[in-house]
Participant: 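Got a structure for you, written out below as C-alpha cells; questions coming shortly.
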Amino acid sequence: MLAQSVCDPGTVPVRSWHGPGAAAGAQGALWGRGRRSGRAGASLPLTAVGPPWTATRRRRAAMRRRRRGTRWGTRCTASTGSSASSPASSRCAAAGRERAEGPASVSAGWVRRDRSPGRGGHPGPQRGHGGKTPGNPAGTPGVQPGRFPRPAVSQVIAPAEPEPAASPEGARTELDEEMENDICKVWDMSMDEDVALFLQEFNAPDIFMGVFAKSKCPRLTEICVGILGNMACFQDICMSISKDENLGQVLLQRLCDSDSPTLLETSRLLLTCLSQPEVANVWVERIRENPSVYDCVCFIMSSSTNVDLLVKVGEVVDKLFDLDEELMLNWIKNGTCRSVGPSVDDSPEELPDFKIVPCILEAAKQVRSDNPEGLDVYMHILQLLTTVDEGIQAIVQAPDGGKETWSLLYDLVCQELCQPDDPPIIVQEQKTVLASILSVLSAMFASQTEQEYTRMRKNMPLIGSLIRILQYMEGCGKRAVENSKESEQEEAGRTDVNEEDFHLKILKDICCELLSNMLQELTKENTLEGLHQGHLNEQTCSCAFQNLLPLYFASVESFLEVLREADQTLADNLEKRFPSLKVHT
C-alpha cells in the first residue's frame with residue numbers, strides 16, 4: 001500500500017523531462033492538473049458561514065489545469081517603482097539570461113505518467129493500484145515489485161553530493177547528458193513510495209542541502225528540489241521534511257533564486273507541504289518569520305513572464321492567505337525595503353519597496369490571456385484581501401485610488417467573460433472567477449462611491465453585464481433541473497447537480513448585491529443612457545427584478561421611480577409584471 005498522499009490534486013508527483021538537449025536546462029514538464037467537472041472543472045465545496053456572499057470569500061478554487069508558459073523574461077513594471085537601472089531591473093535582466101542554450105520551450109498539454117506502451121493517459125497517480133500496474137509496479141520503467149534498483153539509485157544520487165574539498169570556483173555549472181538522464185530517472189522513480197522511503201533512508205534531503213549550498217548548476221538544483229517535491233507527496237516523508245528546520249530555511253531561500261525552473265519546483269514543494277494540515281502551520285510560521293519570502297514572492301509576481309511559475313506562486317500565496325489571516329495582514333501592511341540573503345551571485349542585496357496589490361495585479365495581467373485558471377487564482381487572492389478592512393483599504397487607497405484594480409476587473413467582466421456571443425453554459429465554466437471579481441468590485445463600489453471610476457455614467461456596460469450573468473444563470477438552472485430528472489436514479493449525478501447549483505447560487509448572491517447597489521445610484525440621465533445603449537430594456541429589467549425581489553425591494557423601488565421619469569411606459573409594464581411593486585407605490 002502506498003502511504004497516504006498529502007498533496008491536493010494540483011500537487012501530484014512530477015515527472016522530469018530529460019530529452020535530447022535537456023542538459024542545457026529544459027524545465028521539468030509538469031503533470032496536467034485534473035479537469036474539473038463540466039466544461040472547466042469543479043471547485044472544492046465551500047464552508048457556509050453567514051450569508052452566501054460571505055462564505056464565498058473563503059472558497060477554494062482547486063483542480064486547475066496546467067499550461068506551459070514562457071521562460072523567465074525581462075519584464076520590469078512601473079507598479080513596483082522599478083527603473084532600468086534599479087536592482088530589480090538588473091536582476092530581471094540577469095534572470096532573462098538563464099539557460100540560454102536550452103530549448104525555447106517544452107511542448108504543452110497533458111504529460112503521461114510513464115512512457116510504457118498500453119498505458120492510459122491518466123494525468124495523475126493511479127490510486128486504485130497504489131500507482132502500480134502489473135509488470136510496471138512503480139509506474140516507471142525497470143521498477144519491479146519490492147525490487148526497485150536500490151544500488152542504482154544509490155549510485156546515481158551519490159554524484160549529487162558535493163565533495164567537501166571542492167571549491168566553489170571548481171564547481172560544475174552544467175550536467176553532462178548521461179548524468180542528467182540518470183538523476184532524472186531518480187526523479188521519475190521518486191513518485192513511488194518505496195523509492196521515496198529509500199531516498200529518505202539514504203539521507204537524500206541532507207545531500208540535497210549540500211547541493212543547495214555548494215552547487216552552481218541550476219539544473220541539478222532544480223532536479224533535487226523536484227525530487228523533494230515528489231517525496232513530500234507522502235505523508236510521513238512530508239512531516240519529516242517539514243520538521244527539519246535547517247532544510248526548511250534552505251528551501252525558503254530557494255525563492256530568492258534567479259532560475260525559473262528551480263523557482264517552479266520550489267513553489268510546488270511549498271504548496272504540497274501547505275496542503276498537509278499536520279504541517280501547514282509549521283510552514284506558515286516559518287514563512288511569517290522569514291521576511292525575505294514576501295520580497296521574493298512579490299518580485300516574481302511583478303517581474304516574471306513565466307506563466308507556469310506565476311500560477312504556481314499564486315497558488316502558494318492563495319493557500320497562505322487562506323490558512324492564516326495574520327500573515328495576510330502582515331503582507332498587506334508590508335512594503336518597507338529590507339535586506340535579503342541572496343542564494344545566487346546575481347541576486348540583489350535589496351529589493352524595491354513592494355506593495356502586495358500592484359504585484360498581484362501585474363501577475364493577473366500576465367496570466368489573463370494564457371491561463372484562465374491562473375487568472376482565477378489571482379482573482380481569488382484579491383477576494384481574500386477584501387475579507388479584512390485593511391485589504392480593502394490597500395486596494396482603494398493605492399496611489400491611483402484603486403483605478404487600476406477597477407479597470408482590470410471591469411474589462412474582464414465587460415470585455416472577456418460571459419459575453420453576448422457566448423452560450424449560457426459558459427457561466428458554469430467561469431462561475432468561480434466571476435464570483436471573485438464581482439466580490440471585489442462590490443467591496444470597492446461600497447467603499448469608494450466618490451471615486452470617478454465608480455460614477456454610474458461610466459459603468460452602464462457593467463450593469464448590462466451583471467444582468468446578462470443573471471440571464472445565463474437562469475438558463476443553466478433550467479438545464480440543471482432537466483439533467484437532474486434524466487439522472488434521477490444516479491446518486492452521483494444528483495450530487496454533481498447540487499454542487500453546481502450551490503456555486504451558481506453564490507455567484508447569484510454576489511451579482512445581485514452589486515447590481516442592487518448600482519441601481520440605487522442611477523439618475524435619470526444614467527437611465528436614459530442605459531436605455532439608449534441597450535443595457536436596459538423590458539427584458540433585462542424584468543430579469544433584474546425577478547432576481548432582486550424580494551430581498552432588494554428598496555433598491556428596485558428606487559430604480560423604478562427613476563425609470564418612471566425616463567420611460568413611463570416601460571415602468572408601467574414592469575409594474576404590471578411585478579404586482580408587488582404597484583402595491584407599494
Side-chain angles (χ1 to χ4, degrees), residues 22-28 68-77 80 82-106 168-169 171-175 208-209 211-226 228-229 249-270 290-314 316-317 337-352 354 359 362-363 366:
Q27 299 181 28
R68 298 304 299 171
T70 59
R71 290 185 178 277
W72 186 287
T74 56
R75 178 170 60 91
C76 291
T77 68
T80 62
S82 302
S83 64
S85 60
S86 67
S89 178
S90 300
R91 180 180 178 187
C92 209
R97 297 192 298 269
E98 57 105 10
R99 302 182 184 180
E101 297 84 359
S105 64
V106 178
E169 293 77 9
R172 67 176 69 198
T173 58
E174 293 184 4
L175 291 174
F208 295 157
M209 282 184 62
V211 172
F212 301 150
K214 300 180 180 180
S215 174
K216 300 296 181 181
C217 178
R219 177 62 170 161
L220 179 59
T221 302
E222 175 204 354
I223 294 172
C224 292
V225 178
L228 280 176
Q249 293 298 331
V250 169
L251 289 173
L252 291 183
Q253 290 176 10
R254 303 319 309 169
L255 291 173
C256 299
D257 207 305
S258 62
D259 180 65
S260 61
T262 299
L263 288 169
L264 181 60
E265 292 304 319
T266 302
S267 301
R268 185 177 70 87
L269 172 57
L270 291 177
N290 196 327
S292 67
V293 174
Y294 170 85
D295 290 315
C296 294
V297 166
C298 285
F299 178 77
I300 293 170
M301 291 192 296
S302 63
S303 301
S304 177
T305 58
N306 186 319
V307 174
D308 222 28
L309 173 60
L310 287 172
V311 175
K312 188 59 65 177
V313 168
V316 171
V317 174
C337 189
R338 60 175 61 85
S339 296
V340 177
S343 62
V344 291
D345 292 340
D346 59 352
S347 295
E349 292 185 358
E350 291 187 348
L351 292 177
F354 287 118
C359 295
E362 188 60 32
Q366 190 69 22

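Atoms considered below: every heavy atom in the structure, side chains included; atoms not considered: hydrogens, waters and symmetry mates.
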Participant: If I compare all heavy atoms of Ser267 with all of Leu309, which pair ends up nearest, and what's the gap?
Facilitator: OG-CD1, 4.2 Å
Participant: What are the two closest heavy atoms between Val307 and Gln366, and how far apart are they?
Facilitator: CG2-O, 4.2 Å
Participant: What pairs with Val250 under side chain to side chain contact (heavy atoms under 4.5 Å, CB included), at least two apart in sequence or on another chain?
Facilitator: Met209, Phe212
Participant: Calculate, to the nearest 0.5 Å, the distance between atoms OG1 and CG belonging to Thr266 and Leu228 respectively.
Facilitator: 9.5 Å
Participant: Using 0.5 Å steps for rounding, measure from the CG atom of Leu252 to the OG atom of Ser292.
Facilitator: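 If I round to the nearest 0.5 Å, the distance is 7.0 Å.
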Participant: With rounding to the nearest 0.5 Å, note down the distance linking OG in Ser260 to CG in Leu310.
Facilitator: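 Going from OG on Ser260 over to CG on Leu310, the span is 10.0 Å.
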Participant: Show, in sequence, the C-alpha distance, side-chain angles and deciding distance for Leu263 and Ile300, and conclude whether the side-chain contact (heavy atoms from CB on, under 4.5 Å) test is met.
Facilitator: CA-CA 9 Å; Leu263 288 169; Ile300 293 170; 4.0 Å; yes
Participant: Would you find a donor on one side and an acceptor on the other, under 3.5 Å apart, between the side chain of Arg219 and the backbone of Glu174?
Facilitator: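 No: the side chain of Arg219 does not pair with the backbone of Glu174.
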Participant: Which heavy atom of Gly226 sits nearest to which heavy atom of Arg268, and what is that distance?
Facilitator: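 Where Gly226 meets Arg268 most closely, the heavy atoms are O-NH2, 3.0 Å.
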Participant: Minimum heavy-atom separation for Val211 to Cys224, with atom names?
Facilitator: CG1-SG, 3.9 Å
Participant: Could you measure the distance from the CD1 atom of Ile223 to the CG atom of Leu175? Nearest 0.5 Å is fine.
Facilitator: 5.5 Å
Participant: Roughly how far, to the nearest 0.5 Å, is the CD atom of Glu265 from the CG atom of Leu270?
Facilitator: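 Answer for the CG-CD pair, Leu270 versus Glu265, is 11.5 Å.
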Participant: Can you see which heavy atom on Phe354 is nearest to which on Tyr294, and at what distance?
Facilitator: O-OH, 2.9 Å
Participant: To the nearest 0.5 Å, what is the distance between CD (Glu222) and CG (Asp257)?
Facilitator: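 Answer for the CD-CG pair, Glu222 versus Asp257, is 10.5 Å.
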Participant: List the steps, then state whether side-chain contact (heavy atoms from CB on, under 4.5 Å) holds for Thr221 with Asp259.
Facilitator: CA-CA 9 Å; Thr221 302; Asp259 180 65; over 6 Å; no
Participant: side-chain contact (heavy atoms from CB on, under 4.5 Å) for Val316 and Val297? Distances and angles first, verdict last.
Facilitator: CA-CA 9 Å; Val316 171; Val297 166; 6.0 Å; no
